[in-house]
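Shown next, in structure tokens, is the structure this report addresses.
Worth knowing before you read on, the calculation uses all heavy atoms, side chains too, and leaves out hydrogens, waters and symmetry mates.
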Amino acid sequence: MKFPMTDYLRDYDVFPLVYPINQEVTIHIRPLGCIPAFAVGQEYSGVICATDGGDAYQNPLSAEFAPFTAVCNDDGGFDITYTFKSEQRYIICFYNDAGRRFRMFDVYAVEDDLIGRLPLRGDLHIHTYCSDAYQSPEVVCSMYRSYGYDFFGITDHHKYYPSLRALDFCKSIPTEFVTVPGEEVHLPDPNHEYAYPHIVNFGGLHSVNAMIKDKVYYEHGGAKEICSLNGDAPDAMTEEEFHALMTELEADFDDAPANVGKHQLAVTHWVFEQIKKADGLAIFPHPYWMNGDAVHVPEAMTEYIMSKQKFDAFEVLSGENYYECNGFQTVRYYEDKAKGRNYPIVGSTDTHNAYPSNRNALICSTLVFSPENERKALINSIKDFYSVAIDTISEEFRLVGDSRLIRYACFLLKNYFPRHDELCLEEGRLMKICATGTPDERADAIKTLEVMDGRVRKLQKKYFGF
């Protein structure tokens, strides 16, 4: 697991972990079999300290520092009632008889707009052996659930139907893991080569690749039932019709620099538009991926795309571990913010091998604060700027996004997700048995999944006090 269980979490359970501000709430602290630190029935003194305000003695004007007394209950813990005044991390600190701090517990208070939004971790750009990766859609689902993911989107090159396979698999078994339909779109140039920038269609109700009758279209016959979520998709045009349309659209880009191809821009922005029409999330991915000897998207073209912002989200972290990819994309994001360009971001592995032996399989992810783990809710939450990109290339995670959400996400990755991921690990293992086991093994796995079903929902209800 990327977010390991610490001794602090093994020793004590604090719930809920997250509370609304300006409401009286009760915090429960329970020991989990460690050496007793508190005597039942004894009164203890302590303080509740807001971390952003500074020390109460040195910064009395800014500090939120509330002394309290509490009696140890029969469980060897406490029930403490408090009203949090502002959105931030709080520390509940207990003093011993010598007046020294000896036990501290973390909680977090959030403002109204985050009430009802659960933290859901996912990947929006993943491949299977249906295009150029290593495992089947079903196995990739299972592996990513075992890693603690709540949702993901299979986005195979040129192909939409592998994501439908994943959807069908998850519907056939008891699981809380959510798969979202999708594809990686890169359409043919006039020479029938796939030379244009790749665009991720996350959650679109139909394929954009299948709107063009190219060689991949004819491989699967263009049947609408494998090109759409509900069997409804636009009629496909020929390559000649497509490029005639793109040539017409070139006039929309007369303001582009002379060193940027207007035909490429026409295709790129047309794809963004079609993904939106399909009710999906149009993601501009990995412009600084080194595709051979050069970046995937020329710098002048990236700058133009960013200036127009026709995409829905930018893949600020992606599937390479060299600095030039994610490092340059992160700098691009923050420099754009400084220029007044504000766009949603995601982190996706673009993985082609879901096994942990592939270190790139787990180097980044997206944390979405969404009211529901469901396609449309996830898309809307990202569009509404409720997402953070998580960098897990190194042992210590890093976060990209708005400061407010980064602070909250940091708390959750240390205090909530270790418990969450423990539940997901076994569920993912059983999912893989359902995908690859014998009939008897599958039947046994389904029985166990039925018993386990709903554990994450219960965990969410316990730790989020709204």
Side-chain angles (χ1 to χ4, degrees), residues 116-118 120 122-127 137 141 149-171 177-187 197-212 216-217 220 222-237 242 245 249 266-285 305 308-315 343-348 366 368-387:
R117 290 186 176 273
L118 297 169
L120 303 168
D123 194 316
L124 299 87
H125 185 178
I126 290 179
H127 297 282
C141 286
Y149 283 65
D150 296 290
F151 72 92
F152 82 166
I154 285 177
T155 54
D156 271 326
H157 298 283
H158 318 294
K159 299 172 183 176
Y160 185 88
Y161 71 85
S163 67
L164 300 183
R165 269 184 60 175
L167 278 164
D168 289 343
F169 169 64
C170 288
K171 288 178 181 177
F177 184 65
V178 169
T179 61
V180 176
E183 62 187 343
E184 189 163 4
V185 183
H186 32 116
L187 301 177
H198 301 185
I199 307 298
V200 171
N201 172 9
F202 176 80
L205 296 178
H206 65 76
S207 169
V208 175
N209 285 303
M211 294 176 68
I212 317 300
V216 179
Y217 175 92
H220 56 65
K224 290 190 177 183
E225 59 267 23
I226 63 171
C227 296
S228 66
L229 188 62
N230 52 21
D232 184 22
D235 293 331
M237 66 184 88
F242 170 66
L245 175 61
L249 294 178
V267 173
T268 301
H269 284 80
W270 182 83
V271 171
F272 290 150
E273 181 183 355
Q274 299 311 310
I275 293 172
K276 293 177 182 180
K277 287 181 178 179
D279 202 31
L281 187 78
I283 301 173
F284 179 35
I305 291 172
K308 298 300 182 182
Q309 285 185 226
K310 299 298 184 183
F311 54 88
D312 291 316
F314 176 50
E315 190 180 84
Y343 43 76
I345 56 171
V346 298
S348 299
T366 302
V368 182
F369 299 96
S370 173
E372 188 178 356
N373 192 11
E374 178 271 335
R375 181 193 71 88
K376 190 62 177 177
L378 292 165
I379 289 174
N380 286 342
S381 297
I382 294 170
K383 286 183 176 181
D384 290 339
F385 295 91
Y386 286 103
S387 64

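Scanning all heavy atoms of the two residues, the minimum distance from Lys383 to Gly280 falls at NZ-O, 4.1 Å. For Leu124 against Val200, the heavy-atom pair with the smallest separation is O-CG1, 3.5 Å. Counting all heavy atoms, side chain and backbone alike, Ala210 lies closest to Ala236 at O-CB, 3.4 Å. Listed here is the closest heavy atom pair of Phe152 and Ile126: CD1-CD1, 3.0 Å. Counting all heavy atoms, side chain and backbone alike, Leu378 lies closest to Ser370 at N-OG, 3.9 Å. Taking both residues in full, the closest heavy atoms of Ser381 and Pro371 are given as OG-CD, 3.5 Å, listed atom of the first, atom of the second, then distance.
Atom CZ of residue Phe311 and atom CD1 of residue Ile305 lie 8.0 Å apart, to the nearest 0.5 angstrom. Ile275 CD1 to Leu205 CG: the interatomic distance, rounded to the nearest 0.5 Å, is 12.0 Å. Atom NE2 in His125 sits 12.0 Å away from atom OG1 in Thr366 (nearest 0.5 Å). The structure places SG of Cys141 at 8.0 Å from CG of Leu167, a figure rounded to the nearest 0.5 Å. Atom-to-atom distance recorded for Phe202:CZ and Arg375:CZ is 9.0 Å, nearest 0.5 angstrom. Between the CZ atom of Arg165 and the CG atom of Asp156 there is a distance of 9.5 Å, given to the nearest 0.5 Å.
Listed for the Lys276 side chain is no donor-acceptor partner under 3.5 Å among the backbone atoms of Asp312. The closest donor-acceptor contact from the side chain of Asp384 to the backbone of Tyr386 lies at 3.5 Å or more, if one exists at all. Judged by distance alone, with hydrogens and angles left aside, the side-chain atoms of Glu183 form no donor-acceptor pair with the main-chain N or O of Val185 at under 3.5 Å. A distance-only check finds a donor-acceptor pair linking the side chain of Ser387 to the backbone of Ile345 [under 3.5 Å]. Judged by distance alone, with hydrogens and angles left aside, the side-chain atoms of Ser163 form a donor-acceptor pair with the main-chain N or O of Gly182 at under 3.5 Å. Here the side chain of Asn373 pairs no donor or acceptor atom with the backbone of Leu120 at under 3.5 angstrom.
Applying ring-ring contact (aromatic ring centres under 6.0 Å, His included) to His127 and the options His198, His157, His158 leaves one that passes, His157. For the side chain to side chain contact (heavy atoms under 4.5 Å, CB included) criterion with Tyr160, the lone passing option out of Leu229, Asn209, Ile226, Val208 is Leu229.
Aromatic ring pairs are classed by plane angle as parallel below 30°, tilted from 30° to 60° and perpendicular above 60°; the pair Phe314 and Phe284 is tilted.
Contact of the Lys376 side chain with the Asp279 side chain is registered, since non-hydrogen atoms from C-beta on lie closer than 4.5 Å. In this structure, Leu245 and Trp270 have side chains that are in contact, with non-hydrogen atoms separated by less than 4.5 Å.
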Practice problem: Given side chain to side chain contact (heavy atoms under 4.5 Å, CB included), test Thr179 with Phe169 step by step and report yes or no. | Solution: CA-CA 9 Å; Thr179 61; Phe169 169 64; over 6 Å; no
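Residues passing the side-chain hydrogen bond (donor to acceptor under 3.5 Å, both in side chains) test with Glu225, sequence neighbours excluded: none. By the side-chain hydrogen bond (donor to acceptor under 3.5 Å, both in side chains) test, Thr155 is found to be paired with no residue, residues two or more places apart in sequence or in another chain being considered.
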